[in-house]
Amino acid sequence: MEPLLGLCLALILAGASSVLNNCTCMTNKWTVCAQDGFGNCTCTLVGSNHKVDCSMLTSKRLLMKAEMVLLKEKHFWGHPCGLLDNDGIYNPDCEDSGIFKARQCNHTNTCWCVNTAGVRRTEKGDKSLSCGELVRTSWIYIELKHKKRPSAFSGSDIANALKHLLESRYQLHSKYIAAIKYDFPFIQIRLNQKQKSRCDVDIADVAYYFEKDIKNDSVFHSNSTLTVSVNGDALDIEELQIYYVDEKPPVFCMRQLVADVSTVLTAVTLTGFGIAVLVMWLCTRKNKKTEITEMDEIRAPSLQLP
């Protein structure tokens, strides 16, 4: 009890000090910031001594670690529902370079393999599970549905508004925005990043921040509700799905195997704490799709995938 109580008090005191000294991490609310005698502001991740670069987005893996610390505190203070055993909330193991380890395990010695976005791509096993390599997520499809309105937006206006949002709020270079498609009331954002320079933000981090914003749990320090305007009209999002496309197909044990497979997607539906992993085969026949879900059934994308 004492360590957790001490951490809570430290967060409160550090937060108050940060406000007084105008020392805050605008890109990450899960930090503790303090000024030294020379006025330099240093911020560290909650529950660790890891320094955070507040000039850019914090990596998804570090945000997951901070979230686990906060969820454990909620559990301690009588909110056990915050520690659901699902793939979306776990304390990730990382390489010295900072990337996800290919194999992740929980406190019950259950292990699984992940991609560079930290999303599970295999069946769960025990400590003997071998993952071999960390497979890169090269495409991310963000599919949205906006609330009902009298008429559709202009497709170009939607694309321009979301492109500006991705570039300004999430610091994503325009070269990684492959396309933004609109089919009233559905929107699909396609991000492609087969390779990136060290200074560029990762598309997985952008997707994570965006998801948090849509769910009104912003990682940004202001914690303000995300508002997107399209020519003066509010774009109100009511549904969100994120699809992770890896350079190599995921490995799941399936009851049936589809013969004419051309593409394999790992899709994640983000609704509350629940996460469903879908393996979808896009068959070579025109417009023919066969879907098999590994956990829960989710609807197919409303927009045609390439």
Side-chain angles (χ1 to χ4, degrees), residues 25 27-28 30-32 42-72 83 85-140 170-173 176 191-212 219 242-252 264-266 268 270 275 277:
C25 186
T27 57
N28 188 347
W30 296 325
T31 54
V32 177
T42 301
C43 298
T44 56
L45 196 69
V46 167
S48 74
N49 294 320
H50 188 97
K51 290 185 179 181
V52 175
D53 182 356
C54 297
S55 66
M56 59 191 303
L57 302 187
T58 304
S59 68
K60 178 182 176 180
R61 57 191 174 274
L62 292 178
L63 293 177
M64 289 171 65
K65 283 183 173 293
E67 211 167 358
M68 280 298 298
V69 171
L70 298 174
L71 286 171
K72 286 179 180 178
L83 287 177
D85 182 20
N86 61 60
D87 298 329
I89 304 175
Y90 67 92
N91 191 8
D93 293 324
C94 303
E95 301 286 359
D96 293 339
S97 61
I99 63 174
F100 284 101
K101 285 188 175 181
R103 190 185 74 171
Q104 300 290 327
C105 301
N106 61 21
H107 62 282
T108 63
N109 293 328
T110 299
C111 301
W112 60 93
C113 303
V114 301
N115 55 25
T116 53
V119 176
R120 180 163 68 91
R121 49 176 281 107
T122 66
E123 297 284 353
K124 291 183 178 180
D126 55 24
K127 289 283 188 178
S128 65
L129 178 67
S130 177
C131 296
E133 63 175 321
L134 183 68
V135 178
R136 177 153 187 83
T137 297
S138 55
W139 285 85
I140 293 181
Y170 305 109
Q171 306 172 17
L172 183 65
H173 196 288
Y176 299 127
L191 307 180
N192 178 227
Q193 194 176 58
K194 293 183 178 180
Q195 293 182 339
K196 78 176 188 71
S197 64
R198 187 173 181 178
C199 61
D200 286 337
V201 65
D202 195 293
I203 57 174
D205 300 338
V206 172
Y208 197 71
Y209 268 79
F210 186 71
E211 175 219 340
K212 291 290 187 181
V219 180
I242 300 182
Y243 296 80
Y244 295 84
V245 186
D246 295 346
E247 293 180 346
K248 294 184 178 181
V251 182
F252 288 105
V264 181
L265 304 181
T266 300
V268 174
L270 302 164
I275 289 191
V277 178

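These figures come from a predicted structure and were not determined experimentally.
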- request: Would you list the pairs meeting side-chain hydrogen bond (donor to acceptor under 3.5 Å, both in side chains) in which at least one residue belongs to residues 43-53, sequence neighbours left out?
  value: Asp53-Ser55

Closest approach of [X] and [Y], non-hydrogen atoms and distance?
X      : Y      : answer
Phe100 : Thr116 : CD1-O, 3.4 Å
Asp93  : Cys105 : OD2-N, 4.2 Å
Val201 : Lys196 : O-CD, 4.1 Å
Glu211 : Ile242 : CB-CD1, 4.2 Å
Leu129 : Gly125 : CD2-N, 4.4 Å
Thr122 : Cys113 : OG1-N, 3.0 Å

Between [atom1] of [X] and [atom2] of [Y], what distance do you get to the nearest 0.5 Å?
X      : Y      : atom1 : atom2 : value
Gln171 : Asp200 : CD    : CG    : 10.5 Å
Ser138 : Asp246 : OG    : CG    : 7.0 Å
Asn109 : Asp126 : CG    : CG    : 8.5 Å
Ile203 : Thr137 : CD1   : OG1   : 7.0 Å
Tyr244 : Leu191 : OH    : CG    : 10.0 Å

Okay, side chain of [X], backbone of [Y]: is any donor-acceptor separation there less than 3.5 Å?
X      : Y      : answer
Tyr243 : Trp139 : no
Asn115 : Gly118 : yes
Arg136 : Glu247 : no
Arg121 : Val135 : no

query: Once you find the SG atom in Cys54 and the one in Cys25, is the distance between them below 2.5 Å?
result: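 Yes; the two sulfurs sit under 2.5 Å apart.
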
Heavy-atom check, side chain of [X] versus side chain of [Y], under 4.5 Å:
X      : Y      : answer
Thr27  : Val219 : no
Leu134 : Lys101 : no
Lys127 : Cys111 : yes
Lys65  : Cys94  : yes
Asn192 : Tyr176 : no

Those residues that, when tested against Thr58, pass side-chain hydrogen bond (donor to acceptor under 3.5 Å, both in side chains) (two or more places apart): Asn28

query: Taking only residues two or more places apart in sequence or in another chain, which ones pass side-chain hydrogen bond (donor to acceptor under 3.5 Å, both in side chains) with Gln195?
result: none

query: Taking the six-membered ring for Trp, are Tyr90 and Trp112 ring centroids under 6.0 Å apart?
result: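 Centroid separation for Tyr90 and Trp112: below 6.0 Å.
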
By salt bridge (Lys or Arg N to Asp or Glu O under 4.0 Å) - contacts of [X] (at least two apart):
X      : answer
Asp205 : none
Arg103 : none
Lys212 : Glu67, Asp217

- prompt: side-chain contact (heavy atoms from CB on, under 4.5 Å) between Gln193 and Asp202: does it pass, once the steps are laid out?
  reply: CA-CA 8 Å; Gln193 194 176 58; Asp202 195 293; 3.8 Å; yes

